[in-house]
Amino acid sequence: MTQVTLHKQGLDKQPLCLRKPIEYPQLTGSDHWKRKMRTIFRAFDVDGDGCLTEDDMEAVVRRTAEYMNLDDENTNILLNQRLTYLRDVSSKDSTGEIKGKLSEDEFVQNHLANINESKFRNIWFDMLSSRFQMMDTDGDGLVSSDEYAALFYSFNIPSEHSDKIFDIIDTDNDGFISKDDFVQALTEFWLSENPDNKYNECFGPLVDVTN
């Protein structure tokens with residue numbers, strides 16, 4: 001296996017010492033943490049109606065496919081991944097059926113409840129590996145700056161914000177985000193309540209909660 005191939009697969013990078021999710025304290029649902037959750041919600045809420053639906057996910061995926069010039073097969077794979085995520089975080093009605101719409105408050109509270117469950121933290125790395133695959137659209141085992149920018153484009157966030165956080169996540173400054181880089185950044189984003197954490201803007205500038 002050549003050095004170039006090793007690099008493309010992220011196998012020549014020094015592994016990061018990742019902190020286990022179970023080692024993070026239980027989230028308190030601080031104002032800062034909720035602000036991060038509201039940032040994600042509003043990024044996905046493409047039509048701005050205050051609810052997440054399958055239509056929102058489809059719109060996000062269409063923009064990603066447009067930016068990365070994805071074929072129909074890969075677009076459908078990405079869409080299925082996004083819809084699975086929506087179902088996983090959605091609320092259920094009294095009969096146990098998943099509701100068709102998810103409000104911003106439900107989105108925040110459901111994430112808080114899920115992330116504080118030990119069984120959820122025990123599958124944390126598997127879950128983030130799946131999220132990594134969503135961004136690694138060409139399947140080479142690394143996320144390029146274009147692939148990361150596609151996420152921001154799908155959220156209608158200016159590309160300069162993507163460049164800024166990409167450089168923070170790319171720990172060795174080689175122009176690619178490895179899976180370990182990604183897992184470390186997203187773990188800190190979701191499980192830290194530190195307002196000064198360098199990964200706070202993984203999904204773009206934090207929203208003004210007064211709006």
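What you see below is based on every heavy atom in this structure, not just the backbone, and it leaves out hydrogens, waters and symmetry mates.
Cation-pi contact between R19 and Y24: present, with separation from the ring centre below 6.0 Å and deviation from the ring axis of at most 45°.
Taking each heavy atom of A149 and S162 in turn, the nearest pair found is CA-OG, 3.2 Å. V60 approaches V46 most closely through the heavy-atom pair CG2-CG2, 3.5 Å. For C202 against F189, the heavy-atom pair with the smallest separation is CB-CD1, 4.1 Å.
Atom CG of D31 sits in a sparse spot, with 12 or fewer heavy atoms from other residues, nucleotides or ligands closer than 6.0 Å.
At distances below 3.5 Å, not a single donor-acceptor pair connects side-chain atoms of Q133 with backbone N or O atoms of G139. At least one donor-acceptor pair under 3.5 Å links the side chain of T39 to the backbone N or O of V207. Looking only at distances, a side-chain donor or acceptor of S154 sits under 3.5 Å from a matching main-chain atom of L151. Under a 3.5 Å cut-off, the side chain of N76 and the backbone N or O of E73 do not form any donor-acceptor pair.
Between E58 and R82 there is no salt bridge, since no side-chain N of the basic residue sits under 4.0 Å from a carboxylate O of the acidic one.
Note: H111 and Y85 have tilted aromatic rings, judged against thresholds of 30 and 60 degrees for the angle between ring planes.
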>> Does I40 form a side-chain contact (heavy atoms from CB on, under 4.5 Å) with F155? I'd like the steps, not just the answer.
In response: CA-CA 9 Å; I40 300 174; F155 291 159; 5.7 Å; no

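Inspection of the R87 and T84 side chains reveals an N or O donor paired with an N or O acceptor under 3.5 Å.
Residue L206 is not grouped with residue V108 when hydrophobic side chains (ILVMFWY) are merged at heavy-atom distances under 4.5 angstrom, including chains of intermediate members.
Screening H32, K36, E188 for a side-chain hydrogen bond (donor to acceptor under 3.5 Å, both in side chains) involving N197 leaves a single residue, E188.
In this structure, the ring of F44 has its center no less than 6.0 angstrom from the ring center of F107.
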